Amino acid sequence: MSGYNYEEDSPLANKSNIPEKSFLESLSDDGLLEYIAGLSQEQGEDHGEQYSRGDYFHDKQKRQEKQDREFRERYGNGSELFSGISIYVNGFTKPGRLQLHEMVVANGGKFVHFLSCKGRVSHIIASNLPLKKRVELASYKICRPEWIVDSIEEGKLLPWQDYALLSDQDEIQPKLPQTAIVSCKHPDFLKQFFSKSRLHHLSNWKSDLRAEFCERFLEKPLRIPGKSEVVTVFHIDFDCFFASVSAAANGFDIHAEPIVVCHGTKNSDIASCNYEARRYGIRNGMWVGTAVRMMPRGKKLVRLGYDFEQFELMSKRFYQILHDSQFELVLPISIDEAVCVTGYLTHSECELICRGIRENVSNVTNGCTVSIGCGGSLVLARLALKRSKPDGYQIVDCDGLDDVFWSHLKIEDLPGVGHSLACKISEYSYPPIGNLLELRQMAQDSLRRCVGEKMGNKIYLAVRGKDDEESCKMIYEPRQFFQRKSLSIDINWGIRFDTIYEIDEFIDRCTQYLIDKLRELDKKTSQLTLKIMKRSKDEAIEPPKYLGMGKCDPVARSTRLGVPTDEFGVIATEIKSTFRSLCCPPRELRGIAIQFNKLEKTASNQAKLPFVDAKIYQNLPSDVKSEIGRELNKRSINIRRTAPKRINSYQEQFIQELPTQIRGEVENEIHITNKVNKTKFDEIKEQVAKRQNEKVNAKSHFLGENTILLPIKFQNQTNFKKIIQLVMNWVDGTIRSQGPHEKDLRLFEKYLQRLSDTNRLPLVLRICKLISVKLELRSEFFSHCNGFQEWEKVLLQMILPKLNKNKHTFQTVRKLDIDFDT
DNA sequence: TCTTTTGAACAG
DNA sequence: CATCGCTGTTCAAAAGA
Ligand SMILES: Nc1ccn([C@H]2C[C@H](O)[C@@H](COP(=O)(O)OP(=O)(O)OP(=O)(O)O)O2)c(=O)n1
C-alpha cells in the first residue's frame, strides 16, 4: 500500500524555501480547512483499496515474472542493459512481441502483458498506434521497436526519444489541439461538453442577460410604464442568427445558398438554417441527415460550425444599439432577441425607429439583419415580428387589425403554443382550425376546456391582440420577472457509465458546478430535485445519435432540506442517496439533471464559526499534525468533537460485523448521511418514525422475545452459510438462462422480509453483497443474458429497496462492494 | 378541500 | 469520425394530508 508522499509532494516540505511566510500561514482560514480536509481524504482513499479485476492481472503478472527469471538464468548473458525498464508492446511490431519479450528479459528488463496499472510500465513499444490509442496513452513514453534492437546492437541504452513514435507522426497529421478523448468519466467532461453545446450557451447567455438587466435596474431605476398607459412594443430578432453570423464569419453569402449550422453530418442537430434552406422545408432543430434528404437532387447543403465568440460579440453590439436608443425598457429575451418598450408613438415614428435600428445593426454585424415587429402589446409585436421575417419590419396599429393579418398566422405562431397544444386545439373542433382567424371564432369556455384554464384565457386574449396578466409582468414588474427562481444543470448527452462509483463522482462534479454558481449568487437552497433519464425498455443500447440519449423514461424525485444550505457535502450526499432510491442500473442511465428548486438569500447574521472536526485532525499524517495544530491554535480555530450521534442499534450491529479496516470508512459515511438527516424537517420525521418503531418493538416483545432469536428457515435450512451457498448456486444455475423462477423468488423474498423484520438486516446486506459480487464477476460473459438481467433487477428492485426502506443510509450499492470474508 | 410533488410543454 | 439533446419557467394532473 503506497502512501501519499508528503516528503516530495506536500507544500509543507517546501516551507524552507519561503522564509518570510510558511505555506500554512499563507492560507486563508477557508484555505487551511480545505487543505486539512484534503490531507485527510487522501489518506482515507488508501484503505479504500479493494479486490478487483486488477488483482487477477497482478497475479498473472507475478507468474510471468517468475518464468522470465528462469528464462534469463538459462539464456541470458548477464547483461543489465534494460535493468529498471519495463516495456509493454502494443499491436503488431517488427520484430514481433515474442522476440521483443525475449530480448528485453534476457537483458535484464521486465516485460509487462497488461497495462493494468500506470507506473508499472516505463515504455510502450509500438510501430503504429491509432489516434485513439495514442491519445489514451499520451502520458507514456512510446517508441518504436528499433529502440530495443539498436540498443542491444550498440550494447548501450540509446535515448528513447530518438525513437519516439509520436514525434514523426504528429508532423504528418495536423495537430489536433486538445482533442483528447474526454468521456463522461473524465473530470473535464462537463467543461468540454459545455464548451461545444449550443443549448448550454443559449441558456447561459440568457441568464447572464437577465442578471445584467437586474443589475442595471439597481443602478438606475427605470421608469416602469403605468398599467393604464398606452405602450408601444418593439420585438426585435436576428434573422437566422447562428447561420447569418457563421456565414458572415466564413465569407459565405447568406442569400446565395442553403446554409446550416451544426456539428456533424447525419444525426446532428441543426441549430440554425438560413431562409434559402427553409425554402426546401428545412427547419431549426432538424437533424442534418433529414435536411440533406430534403434538398433537391444535385443541390448542395453548406454546413458551417459554431463560432460562439462571434455570436456573443454580435449580440453585444446589437444590445448596445438598443441601449443607446431612447427606449424606456430594453427587455432581454435571448442572445439574439429583445423586446423594447416606449410610450405612445405614431405610425411614422415607429417606422423611423425600425429602419434606424435595422440599418445600425446591419452596419456593425457584417451585414447580419434583424427583423422587427411593432405593436401595442407584447403579443401583437410578437405576431408582427413573425409576419415581418425575414429581413423586414411590420407595424400593426390597434385599429388596423384586419382579417388578412390573422389569417396568415398559424396556431403555433402564438407565443406559448407549441406542437402539442396546436394539435390539441386544431383537433378540438370540426373542421380542424388552421389559422388564427378561425381560432378567433372559438368561445372562451371551449378554449379553456380544451387547453386548461390559464392557457385558454391567454389564447383567447392573444387572438384579440391583448396580453394576459402573466405576460404583462415582463413590462410592469420586470425585476420580479427577470429574477432567478431556480438553478439547475442538465446533461443528457454522452452519459455512459458502468458503475455507481462513476456516477457518484459525476454527481459530485455536477453538484460542485451548481454550488459554485449558488455561492456566486449569494444564495442557499432548500429543495433539490434529481431527474434522470433511463433508457426505455426495448430501446437499443446505442441510439442513432452518437452518444445521444435515445428514447428514455424520465424519473424525478425531489427533496426538501429543513434548512437552506450551500454546503457541498450535504447536497451531494442527498443527491447520491436520491439517485439510489431511483433504482437505475448504472449502464441504463442516459441523462442526469440536478435542480435547486428553491433559492433563498443567505442570511448574513448567522455566520458560521470555522472549526475542524476532531476525527479529521486525528487522521492527519503525524508529521504535519503538530504543525497544523499550532497554526489552528494561532488562529483560534477550534478542534471540535462533533456531538456524539445516537447510533441506532442496526448501525452499531452492522459496524461491529465489519472488518476493522473498513469500519472507519463506513462510520464516516454514516456521519455524512446523518448530517443530511439531521435537518429540522427530517428530525420531525425521525421522531415520528421512532415512535412507531417503539410501538412495533413493544408489540414484538409482547409476542415473546424469542421472535428475535428464532432461527429463520429457507428451503428447510437454518445455517446461514449453507443458505448462502444455496442462493449462490441458484444464481449461478439460472444466470445464463431465464433467471430465477417466480415461485422461488417469492419464497426468497419472504425469507428476506423475515430477516429484515427481525433486526437481521446485516444478513440481508450480506446476501445482497454476495449476489452483487457474483453478478460483477459474471458480467463479462453473461451481462446480455436474460437471467443476468433478471438477477440485476432482483438486486436493484427487490433487495435494495428492502434495505433502503429501513432507513439505513449506509446500505447503498457502494457499501455493498466492501469485501466480506465469508 | 387544500397543499405538495411530479411531469409535460415551451422557448430559444 | 461521429457528436456535444440546456435550462428556466409555467401550468395542470396526480398524489398526499
Ligand atoms: N432548436 C433551436 C432553436 C434555436 N437555436 C439557436 C440558433 C438560432 O440562431 C438562435 C435563435 O433562435 P431563433 O428562434 O430566433 O431562430 P433563428 O434566429 O435561427 O431564425 P429566425 O429567423 O426564425 O429567428 O437560437 C438552436 O440552437 N436550436
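Keep in mind that what you see is a predicted model, and the values were worked out from it rather than measured. Protein chains get the first letters and strands the later ones, always in sequence-line order, with residue 1 at the start of each.
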Just checking [X]: base, sugar-phosphate only, or nothing, at a heavy-atom cut-off of under 4.0 Å?
X: A/Lys531; value: nothing
X: A/His263; value: base
X: A/Gly289; value: nothing
X: A/Phe241; value: nothing
X: A/Asn267; value: sugar-phosphate

Whole-Å distance between [N] [atom2] and [X] [atom1]?
X: A/Phe481; N: C/dG8; atom1: CZ; atom2: P; answer: 15 Å
X: A/Phe189; N: C/dT3; atom1: CZ; atom2: P; answer: 15 Å
X: A/Leu547; N: C/dG5; atom1: CG; atom2: P; answer: 12 Å
X: A/Arg590; N: C/dT3; atom1: CZ; atom2: P; answer: 17 Å
X: A/Trp287; N: C/dT3; atom1: CH2; atom2: P; answer: 9 Å
X: A/Glu470; N: C/dT9; atom1: CD; atom2: C1'; answer: 9 Å

If you measure only the distance, is there a donor-acceptor pair under 3.5 Å linking the side chains of [X] and [Y]?
X: A/Ser486; Y: A/Asn597; value: no
X: A/Gln512; Y: A/Asp508; value: no
X: A/Arg557; Y: A/Ser581; value: yes

In terms of relative ring orientation, are [X] and [Y] parallel, tilted or perpendicular, with 30° and 60° separating the classes?
X: A/Tyr546; Y: A/Trp493; result: perpendicular
X: A/Trp205; Y: A/His201; result: tilted
X: A/Phe241; Y: A/Phe311; result: tilted

Worksheet item: Do the side-chain N or O atoms of A/Lys545 get closer than 4.0 angstrom to the phosphate oxygens (OP1, OP2) of C/dC4?
Response: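 Yes, within the criterion.
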
Worksheet item: Do any side-chain nitrogens or oxygens of A/Arg198 fall under 4.0 Å of OP1 or OP2 in C/dG5?
Response: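 True: A/Arg198 side-chain N/O within range (under 4.0 Å) of C/dG5 OP1/OP2.
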
Discussion item. Walk along nucleotides 5-12 of chain B from 5' to 3' and tag each nucleotide B, S or - by protein heavy-atom contact under 4.0 Å, base first, then sugar-phosphate.
Written reply: SSSSSSSB

Practice prompt. Measure centre to centre between the rings of A/Phe234 and A/Phe327, then say whether the value is under 6.0 Å.
Written response: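 Centroid separation for A/Phe234 and A/Phe327: below 6.0 Å.
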
Expected list for residues 450-458 of chain A: side-chain donor-acceptor pairs under 3.5 angstrom, two or more places apart:
unit_1, atom_1, unit_2, atom_2, d
A/Asn457, OD1, A/Gln444, NE2, 2.7
A/Asn457, OD1, A/Arg448, NH1, 3.2

Choose from [options] the nucleotide whose nearest atom is closest to any side-chain atom of [X].
X: A/Met549; options: C/dG8, C/dG5, C/dC4; result: C/dG5
X: A/Asp490; options: C/dC4, C/dT7, C/dT9; result: C/dT7
X: A/Thr265; options: C/dT7, C/dT9, C/dT3; result: C/dT3
X: A/Ser488; options: C/dT9, C/dG5, C/dT7; result: C/dT7

Worksheet entry | C/dA2 base stacked by A/Tyr546 (centroids within less than 5.5 Å, tilt under 30°) |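 So A/Tyr546 counts as stacking on the base.
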
